[in-house]
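All values derive from a computational prediction rather than experimental measurement. Letters go in sequence order (proteins before strands), and every chain restarts at 1.
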Number of protein chains: 2
Amino acid sequence: MTTESKSAMTSVASMASTPASGSPLTERQEARRRRILQATTRLASRGGFDAVQMREVAESSGVALGTLYRYFPSKVHLLVATMQDQLGQLHATLCKRPPTDPDPAARVAQTLMRAFRAMQREPHLADAMVRALTFADRSVSAEVDMVSRLTTAIILDAMGLPGPAGPEQLSAVRVIEHTWHSALITWLSGRASIAQVKIDIETVCGLIGPAAGPPAGADTP
Amino acid sequence: MTTESKSAMTSVASMASTPASGSPLTERQEARRRRILQATTRLASRGGFDAVQMREVAESSGVALGTLYRYFPSKVHLLVATMQDQLGQLHATLCKRPPTDPDPAARVAQTLMRAFRAMQREPHLADAMVRALTFADRSVSAEVDMVSRLTTAIILDAMGLPGPAGPEQLSAVRVIEHTWHSALITWLSGRASIAQVKIDIETVCGLIGPAAGPPAGADTP
DNA sequence: ACCCAGTCTGAAACTTGTTCTAGATTAGCG
DNA sequence: CGCTAATCTAGAACAAGTTTCAGACTGGGT
């Protein structure tokens, strides 16, 4: 009951980063929230995780420190919310020009590589978001879970399977997600090259059956 | 040229956590280092990452704060070194009673599940070490890389392949490592069950060819 | 035994995430 | 409009990682 596999390509993107629960926020509040996320993105793009300093975010978005903490109870919450935001945008972009390859595994690999190129364009921002994501403790699990669901949705969209995904496919998707996150980290900390990330992504996408159900056979000549 | 695939089952364990480079440390210094790591392990086992406070580690190991920082330039360095230590012990244990399954993939899965059970015994310690590992920035990449090499060695040992590993197998091992780390994190932050981690590990181990790897021109026994 | 260089100690200072408080502002409501 | 509760602001205060510094200690060479 974790992953909602039903209709993956749904409204998620447009309402991204809407808290869903809680009071519906006035207009000024919505604006404040946006300003905060904007400032965060800007600071993160400059210098990564360390450059996102709560006092600066507050000042830069014209909000008191206490207010910032009312909106986002910690730096990690703030950066994870930023990631939700960015993922939403990415998902929207991907929906417009979905990958074309006939092979589902290749489509997923293409999609992830596109996301990876987006990260390469803003490596510092990627650093801030991904580090926050993996550093998050239990108090952020709801938000991190949301990010995870978004990522799953993106991958399932790329697979573009006709019916609902089977449990094996969901396992494969989870492993792909694991690899995606971890490969990203090794790249961000300079321990793996871009080429290596590409290879890892392509390797793990091999877990997706080339077309239909039968288990792993002989491949990769 | 990143992963040294040559003889995996080698001396690594016994000399674990030896800095290799730098001056050879006097006896008292070696003792200090050990005391520090011990204190770290003890504190981490209690309350995880947050419970490892540098001042406490220093006091608890009978060392001045400045000295602690001379030995380990940051909290993350300290915890990554602790992980090196623990991994070394684990590797030694595993060498004594290696997994028995005839299938390489199953052996790797078994090995990782054994490691996972070790983590379940000390979840707080695991939390501290893994969070440090994934939070580490470039300044720790050398140490993190060492941990990565150790992990790779453990997995290659479990595979127990006759000759040196081919590039495809090394890719598979890297993906397995990614999955291992990331699955661990999702478990530690309460977003995945033990059962789910097991499934993910078994799924990713499917990337290992069921029996042999023919790439380098050998036959398939 | 003496001296030098490097190491260790103890304590204070600095940084940045986080919390708290008192007063100003705003939103909703009769 | 005037009231009340919630929210926002400014700023101090606190916590823990990190740095710095002056002085004590250690080990090795002469």
Would you mind reading off the distance between A:Glu27 atom CD and C:dG28 atom P, rounded to a whole angstrom? 11 Å

Verify the contact: side-chain N or O of A:Arg28 to OP1 or OP2 of D:dC8, cut-off strictly under 4.0 Å; return yes or no. no

A:Lys75 side-chain N/O to A:Val52 backbone N/O, donor-acceptor pair under 3.5 Å: yes

Specify the separation, in whole Å, of atom OH of A:Tyr71 and atom P of C:dT18. 18 Å

Show every ring-ring contact (aromatic ring centres under 6.0 Å, His included) that has at least one partner inside residues 114-160 of chain A, sequence neighbours left out. A:Phe116-A:Trp187, A:Phe135-B:Phe49, A:Phe135-B:Phe135

Start at the 5' end of DNA chain C and walk down; is the nucleotide closest to A:Phe49 or to A:Gly66 reached first? A:Phe49

Closest listed nucleotide, where the reference is the side chain of B:Arg32 and the choices are C:dC8, D:dG27, D:dT19: C:dC8

Figure out the CZ/P separation between B:Phe72 and D:dT19, and round it to whole Å. 16 Å

A:Ser61 and A:Gln38: side-chain donor and acceptor closer than 3.5 Å? no

Think A:Gln29 has a side-chain N or O under 4.0 angstrom from the OP1 or OP2 of C:dT26? no

Taking atom C1' of C:dT16 as reference, at what distance in whole Å does atom CG of A:Leu78 sit? 14 Å

Is a side-chain donor-acceptor pair under 3.5 Å present for A:Arg191 with B:Ser148? no

Using whole Å, what does the distance between atom P of nucleotide D:dC8 and atom CZ of A:Arg33 come to? 13 Å

Ranking D:dT18, D:dT7, C:dC8 by distance to the side chain of A:Arg70, first place goes to D:dT7

In whole Å, I'd like the distance from the CG atom of B:Leu65 to the C1' atom of D:dA16. 10 Å

Please determine, for the side chain of A:Tyr69, which listed nucleotide (C:dT9, C:dT19, D:dC8) has the closest atom? C:dT19

Give the residues of residues 52-63 of chain B touching DNA chain C, defined as any heavy atom closer than 4.0 Å, sorted by residue number. B:Arg55, B:Gly62, B:Val63

Can a donor-acceptor pair be found between the side chains of A:His178 and B:Ser182 at a distance below 3.5 Å? yes

Output yes when a side-chain donor or acceptor of A:Thr82 lies under 3.5 Å from a complementary backbone atom of A:Leu78, and no otherwise. yes

To the nearest Å, give me how far apart CG (B:Leu68) and P (D:dT19) are. 12 Å

Students often get this wrong, so: under 4.0 angstrom with heavy atoms, is A:Thr26 touching a base, only sugar-phosphate, or nothing? nothing

Output the rounded distance in Å from CD (A:Glu30) to C1' (D:dC8). 17 Å

Check: A:Thr26 main-chain N/O paired with A:Gln29 side-chain donor or acceptor under 3.5 Å: yes

Map B:Ala64 and A:Lys75 onto DNA chain C by nearest heavy atom, then report which one ends up closer to the 5' terminus. B:Ala64

